[in-house]
Protein chains: 2
Amino acid sequence: MQPRIRENYVKAIYKLCQKNKEGAYTNDIALALQVKAGTVSESLKKLSEEGFIVYYKHRAVKLSAKGQQLALRIIRRHRLWEVFLVEKLGFGWDEIHPMAEELEHIDFDQLTDRLDVFLDKPSVDPHGDPIPDKNGKLSKVNYRNLTACSLHEYVSMVGIENHQPSFLQLLDQLGLRLGTKLLIKEIIPFDGSMLVKIGKKEFYLSKTVSENILVGPHKE
Amino acid sequence: MQPRIRENYVKAIYKLCQKNKEGAYTNDIALALQVKAGTVSESLKKLSEEGFIVYYKHRAVKLSAKGQQLALRIIRRHRLWEVFLVEKLGFGWDEIHPMAEELEHIDFDQLTDRLDVFLDKPSVDPHGDPIPDKNGKLSKVNYRNLTACSLHEYVSMVGIENHQPSFLQLLDQLGLRLGTKLLIKEIIPFDGSMLVKIGKKEFYLSKTVSENILVGPHKE
DNA sequence: ATTTAATTTTAGGTAAACCTAAATATTTTA
DNA sequence: TAAAATATTTAGGTTTACCTAAAATTAAAT
Ligand SMILES: [Mn+2]
Ligand SMILES: [Mn+2]
Ligand SMILES: [Mn+2]
Ligand SMILES: [Mn+2]
């Protein structure tokens with residue numbers, strides 16, 4: 001199996017396993033990779049033979065230790081390149097994903113490690129997602145969803161749960177970026193929206209928006 | 001035809017055309033790409049249909065205008081990434097080729113152009129090779145071979161004609177890099193070697209070495 | 001100008017990653 | 001628990017980039 005294709009499968013399975021504890025389902029993998037389910041079945045057999053996944057027919061698949069390692073290497077590269085694109089080349093966080101999707105497949109340990117040093121060993125990417133270290137260790141963060149916060153809480157935006165450009169552009173427009181502090185002034189029971197204060201401005205965030213915002217304590 | 005494969009063919013043909021004015025021969029392309037001649041014949045037919053080359057059976061092929069454009073885009077990306085790897089990540093000029101060989105295929109105009117700006121629009125790569133501009137224009141340089149220089153000439157190293165790591169490492173060892181000034185103290189008729197003075201040191205360069213060194217006038 | 005040698009193309013085949021559609025297995029609903 | 005719905009796998013087929021070996025062409029050497 002061709003490395004780039006293997007990598008895309010392994011990464012997709014990794015991401016799906018984070019949502020469904022059970023594992024990744026054939027149809028979901030097919031959707032993620034934009035191929036047909038039959039193709040996925042074939043590929044799963046190969047990935048299993050190669051030792052990257054644990055696979056029993058008709059059951060959701062999980063990554064093996066070897067598969068996890070590979071997934072974390074790809075995610076490390078993806079996120080480091082995203083930092084590069086934003087910090088060094090000045091791209092917006094809504095523009096970088098397709099480029100990182102290609103750059104992540106370039107597999108030279110020296111390149112990754114030197115890039116890491118060049119970027120000052122960042123711990124998170126421009127979307128607030130943590131970057132695995134050289135050994136594939138992923139610092140687990142304890143982010144809360146904005147909708148889980150209580151009235152009058154004062155929090156800081158640390159991540160997002162939706163990476164669509166349109167969502168990122170909306171956040172830009174609202175002046176919401178990583179590190180932005182916000183105070184919850186009011187929670188509207190009717191539609192779940194909330195009134196927040198950011199800097200000097202106050203405005204409403206729809207539930208759909210706040211559901212996709214992750215926050216941490218506003219320790220200063 | 002898959003973009004990466006097309007790009008490797010087009011680049012190989014471009015390079016071969018620089019040597020043989022006639023064009024690129026099937027066998028030479030096969031050698032450059034490490035495939036069999038039969039495979040090249042097939043591919044040439046496709047590249048011709050796609051309009052990247054001018055192809056008559058049993059004749060050496062040349063790039064069309066469209067093919068040249070593509071070649072220069074790839075070469076631009078290759079050389080810009082090489083500058084990045086050396087200037088920003090601190091790699092040696094003997095280590096970067098395989099990485100650039102992969103990076104050159106990442107095709108986002110914005111990425112290339114911003115990288116160019118980030119690197120201060122370099123005009124040459126770490127090997128002294130000129131970098132095509134955004135419009136594919138390649139400033140043609142007028143380098144002379146060191147062996148073509150005369151006794152007591154004072155010149156500056158501006159390029160090389162051999163990119164093998166072992167050659168680059170030898171130059172490192174001798175303290176010869178781009179911009180190094182050298183004075184030709186003596187030319188030995190017997191083996192074509194020359195005695196050169198670099199800084200305070202003097203030593204002999206074999207003909208094999210000096211044949212692969214390109215120099216320009218030592219204007220200061 | 002032949003014959004020989006070298007080069008290139010063509011013909012026929014393989015393997016990988018995809019597809020569609022039929023068959024099978026699992027899960028849900030009645 | 002049997003039928004219906006959903007999910008997955010399998011079977012058979014396509015395309016692309018590769019291969020080998022034979023055939024055809026071109027170039028070189030008698
Ligand atoms: Mn990818
Ligand atoms: Mn990201
Ligand atoms: Mn390449
Ligand atoms: Mn170079």
Side-chain angles (χ1 to χ4, degrees), chain A residues 1-13 15-17 19-63 67 70 74 101-102 104-105 107, chain B residues 1-13 15-17 19-64 67 70-71 74 101-102 104-105 107:
Chain A
M1 190 172 224
Q2 215 176 315
R4 143 176 305 249
I5 288 167
R6 176 173 39 236
E7 288 175 7
N8 283 334
Y9 272 96
V10 166
K11 197 176 67 155
I13 292 167
K15 301 231 152 172
L16 289 168
C17 286
K19 297 194 187 133
N20 291 12
K21 280 276 181 186
E22 299 297 312
Y25 293 100
T26 302
N27 273 337
D28 295 335
I29 298 168
L31 191 72
L33 299 180
Q34 291 288 287
V35 296
K36 302 298 171 185
T39 304
V40 172
S41 276
E42 259 186 286
S43 301
L44 291 180
K45 208 182 320 175
K46 285 176 204 157
L47 287 167
S48 173
E49 277 160 12
E50 294 177 342
F52 292 100
I53 62 172
V54 180
Y55 174 45
Y56 304 100
K57 275 184 196 172
H58 296 280
R59 302 257 91 88
V61 299
K62 284 182 177 156
L63 291 177
L70 178 57
I74 303 158
E101 204 57 46
E102 301 297 316
E104 71 186 359
H105 300 292
D107 183 14
Chain B
M1 191 172 222
Q2 215 175 315
R4 143 176 306 251
I5 288 167
R6 177 175 36 238
E7 288 175 8
N8 284 335
Y9 273 96
V10 166
K11 197 176 66 157
I13 292 167
K15 301 232 153 169
L16 289 167
C17 285
K19 296 192 187 132
N20 291 12
K21 280 276 182 185
E22 300 297 311
Y25 292 101
T26 302
N27 271 339
D28 295 335
I29 298 168
L31 191 73
L33 299 180
Q34 293 288 288
V35 296
K36 303 298 172 183
T39 304
V40 173
S41 276
E42 257 188 287
S43 302
L44 292 181
K45 208 183 318 174
K46 287 177 203 158
L47 286 168
S48 173
E49 278 159 12
E50 294 178 342
F52 291 99
I53 62 173
V54 179
Y55 174 46
Y56 304 100
K57 276 185 196 173
H58 297 280
R59 299 260 97 85
V61 300
K62 285 183 177 155
L63 292 177
S64 66
L70 178 57
I74 303 159
E101 205 56 46
E102 301 297 316
E104 72 187 359
H105 299 292
D107 182 16

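This is a predicted model, so every value here is computed, not measured.
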query = What is the distance from OH of Y25(B) to P of dT9(C), rounded to the nearest Å?
reply = 12 Å
inquiry  = What is the distance, to the nearest angstrom, from the CG atom on L33(A) to the C1' atom on dA16(C)?
reply    = 16 Å
query = Just by protein heavy atoms under 4.0 Å, how would nucleotides 10-21 of chain D read 5' to 3' in B, S and -?
reply = B------SBBB-
message = What is the distance, to the nearest angstrom, from the CD atom on E7(A) to the C1' atom on dA17(C)?
response = 16 Å
query = What's the spacing between E7(B) CD and I74(B) CD1 if we round to 0.5 Å?
reply = 4.5 Å
ask   = NE2 of H58(A) versus C1' of dT9(D): gap in Å, rounded?
value = 5 Å
ask   = How many Å lie between CG on L44(A) and C1' on dA25(C), as a whole number?
value = 16 Å
Below 3.5 Å, can you tabulate the donor-acceptor pairs from side chains in residues 29-48 of chain A to any protein atom, sequence neighbours excluded?
residue: Q34(A); atom: NE2; partner: L31(A); partner atom: O; Å: 3.1
residue: S43(A); atom: OG; partner: Y9(A); partner atom: OH; Å: 3.0
residue: S43(A); atom: OG; partner: T39(A); partner atom: O; Å: 3.0

query = Considering residues at least two apart in sequence or located in another chain, which fulfil the salt bridge (Lys or Arg N to Asp or Glu O under 4.0 Å) criterion with R59(B)?
reply = none
message = Does a side-chain N or O of R59(B) approach OP1 or OP2 of dT9(C) to a distance below 4.0 Å, or not?
response = no
ask   = What residue pairs, at least two apart or across chains, pass side-chain hydrogen bond (donor to acceptor under 3.5 Å, both in side chains) with a residue in residues 21-30 of chain B?
value = none
ask   = What's the CG-P distance between N8(A) and dA17(C), to the nearest Å?
value = 12 Å
query = So which pairs with a foot in residues 47-56 of chain A pass salt bridge (Lys or Arg N to Asp or Glu O under 4.0 Å), sequence neighbours left out?
reply = R6(A)-E50(A)
inquiry  = From CG of N27(B) over to C1' of dA6(C), roughly how many Å is that when rounded to an integer?
reply    = 9 Å
key: Between CD on residue E101(A) and CG on residue N8(A), distance to nearest 0.5 Å   = 6.0 Å
ask   = Between atom CG in L47(A) and atom P in dA16(C), what is the gap in whole Å?
value = 13 Å
